[in-house]
Amino acid sequence: MLEKRSLSYVDGPVPVPVDDCFLLENVQRIQICDTDEWLDKHKVLLFWQVRPVVYVFQLNEDGPGEEPSGDDTLSIFNEWALPAKEFDGLWESLIYETGLKQRLLRYASSALFFTERGVDPCLVSWNRIILLHGPPGTGKTSLCKALAQKLSIRFKSRYSECQLVEVNAHSLFSKWFSESGKLVAKLFQKIQEMVEEENNLVFVLIDEVESLAAARQAALSGSEPSDSIRVVNALLTQMDKLKSWPNVIILTTSNITAAIDIAFVDRADIKAYVGPPTLQARYEILRSCLQELLRAGILTHPQLHDHFPLPTYATLKEKLHSCEAGELHGPVYLPRLLLEAAELCQGLSGRALRKLPFLAHASITNPSTCTTSTFLAALIQTARRELSESRAEHLYGQNFGEAVIYHNQRQSLVRKAFRALYLQL
Ligand SMILES: Nc1ncnc2c1ncn2[C@@H]1O[C@H](COP(=O)(O)OP(=O)(O)OP(=O)(O)O)[C@@H](O)[C@H]1O
């Protein structure tokens, strides 16, 4: 079907052919993805340059399951059977310029491949631990979930079952002194049970890992109670135990790497920095938002919608390069406004960028009659406002941060609660 369809490949959906009854009855969606793996040397990917690999899968719609912690309402972890409906499309929606996604995918694939081939870990060592660190809102947690989803699809033939376990780090701190270490052991006991099933591929996601693996140095200096040392010790021991199981990958994220215990950082095979989006990524994020609003009919622009999708960053750059000065009000007028918005948004996180179109829409007095160019003007205005507010927030945040002196991990709960409250205000 693919070969009959076209001579070249691009990432994106392929309509299910209406003349193929079997596909029409059984297939909900066909999507080409990850062509960028092949695109290093070729600009256009012709069908004879690649050997497409087809993955057929069914999304799980059951939603997350929970494991209660016993003494209070917080659950120790949430668990998803992958591939899950919730994470569908997440991988494609995350835009990074530096080939970060491919790097992570290749790393995880190699880790699973080495294990499958029985490479001796005493000779070649790998821990199957990934640490993503960087400022808030840069998509670290989403990237971990998307990676797990992607690998569950890719390794379906080897692992018939796949689970994502999202650890709720805060639930592991007991109000009872010395109980926290035991809670960590209990959590890993559950994970161990999942891992013992050899057809099960398990991803363990520990968000904000600094709250669990806080530097023991601080404790030794006297400001941390020994219970928090117990948690770090328990975590490291349990992780080392899990290492002998081939079918588990630990994904961790952190906003403050400096606060993580060095022994933990050392165990991570990949320590990838996830920074704020670059200009190209910002343009692509906003472009995908606009395409979605066009698809949903919230924005209408007949020319843009059907025949002239907003160009990619690379195409726009080429167009602008070859454009005469007078032509700038022609077909590149709207993409240029979008580029202006993307340029302006320097410093905003991916999370803030994805919210921007919504805020822009809410700021328009009569949105039902709004054209794409009016919308883009509103987007630029909203970006300006958001930026000035985030600068003010930053200043306030600095003073706020100085005022809060935190001695142990439990304080990180307080910090989080304050931050959430502050963001709501
Ligand atoms: N590079 C990006 N490309 C596209 N979307 C992004 C990007 N970065 C962030 N986002 C958007 O921001 C949302 C929130 O990201 P996420 O919660 O994963 O970030 P985070 O880095 O884990 O944040 P925190 O450290 O505050 O927990 C994502 O679901 C996604 O919609």
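Reckoned from all heavy atoms, side chains included, excluding hydrogens, waters and symmetry mates. Every number for a ligand or one of its atoms is a count from 1 in the order of the listing.
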Legend entry - Distance-only N or O hit between ligand 1 and Gly139, under 3.5 Å: yes
Inset, instruction - Could you pull out, from Gly350, Pro277, Pro276, the option with a heavy atom nearest to atom 7 (C) of ligand 1? - result: Gly350
Inset, instruction - Compute the shortest N/O to N/O distance between Glu208 and ligand 1 and return yes if it is under 3.5 Å, no if not. - result: no
Legend entry - From Asn255, Leu94, Ile285, Leu100 - option closest to atom 30 (C) of ligand 1 by heavy atom: Leu94
Legend entry - Between CG on residue Asp11 and OG1 on residue Thr312, distance to nearest 0.5 Å: 12.0 Å
Inset, instruction - Would you give the length of the straight line joining atom CG of Asn199 to atom CD of Glu161, rounded to the nearest 0.5 angstrom? - result: 8.0 Å
Inset, instruction - Answer side chain, backbone, both or neither: which part of Lys140 comes under 4.0 Å from ligand 1, heavy atoms only. - result: both
Legend entry - Interfacing atoms of ligand 1 (cut-off 4.0 Å, heavy-atom, Ser142): 15 (O), 16 (P), 18 (O), 28 (C), 29 (O)
Inset, instruction - Give a yes/no on ligand 1: does Ser93 have at least one heavy atom closer than 4.0 angstrom to it? - result: yes
Inset, instruction - For Tyr96, take its heavy atoms, then give the atoms of ligand 1 lying under 4.0 Å from any of them. - result: 1 (N)
Legend entry - Distance-only polar pair, side chains of Gln163 and Asn200, donor-acceptor under 3.5 Å: yes
Legend entry - Salt-bridge present (Asp62, Lys85; N to O < 4.0 Å): no
Legend entry - Whether His361 and Phe375 hold their rings parallel, tilted or perpendicular, with breakpoints at 30° and 60°: tilted
Legend entry - Lys140/Asp207 salt bridge by N-O under 4.0 Å criterion: no
Inset, instruction - For ligand 1, note which part of Thr138 has a heavy atom under 4.0 Å away: side chain, backbone, both or neither. - result: both
Inset, instruction - Identify which one of Gln31, Gln149, Arg29 satisfies the side chain to side chain donor-acceptor pair (under 3.5 Å) criterion when paired with Asp88. - result: Arg29
Inset, instruction - Output yes when the distance from some N or O of ligand 1 to some N or O of Pro136 is under 3.5 Å, and no in every other case. - result: no
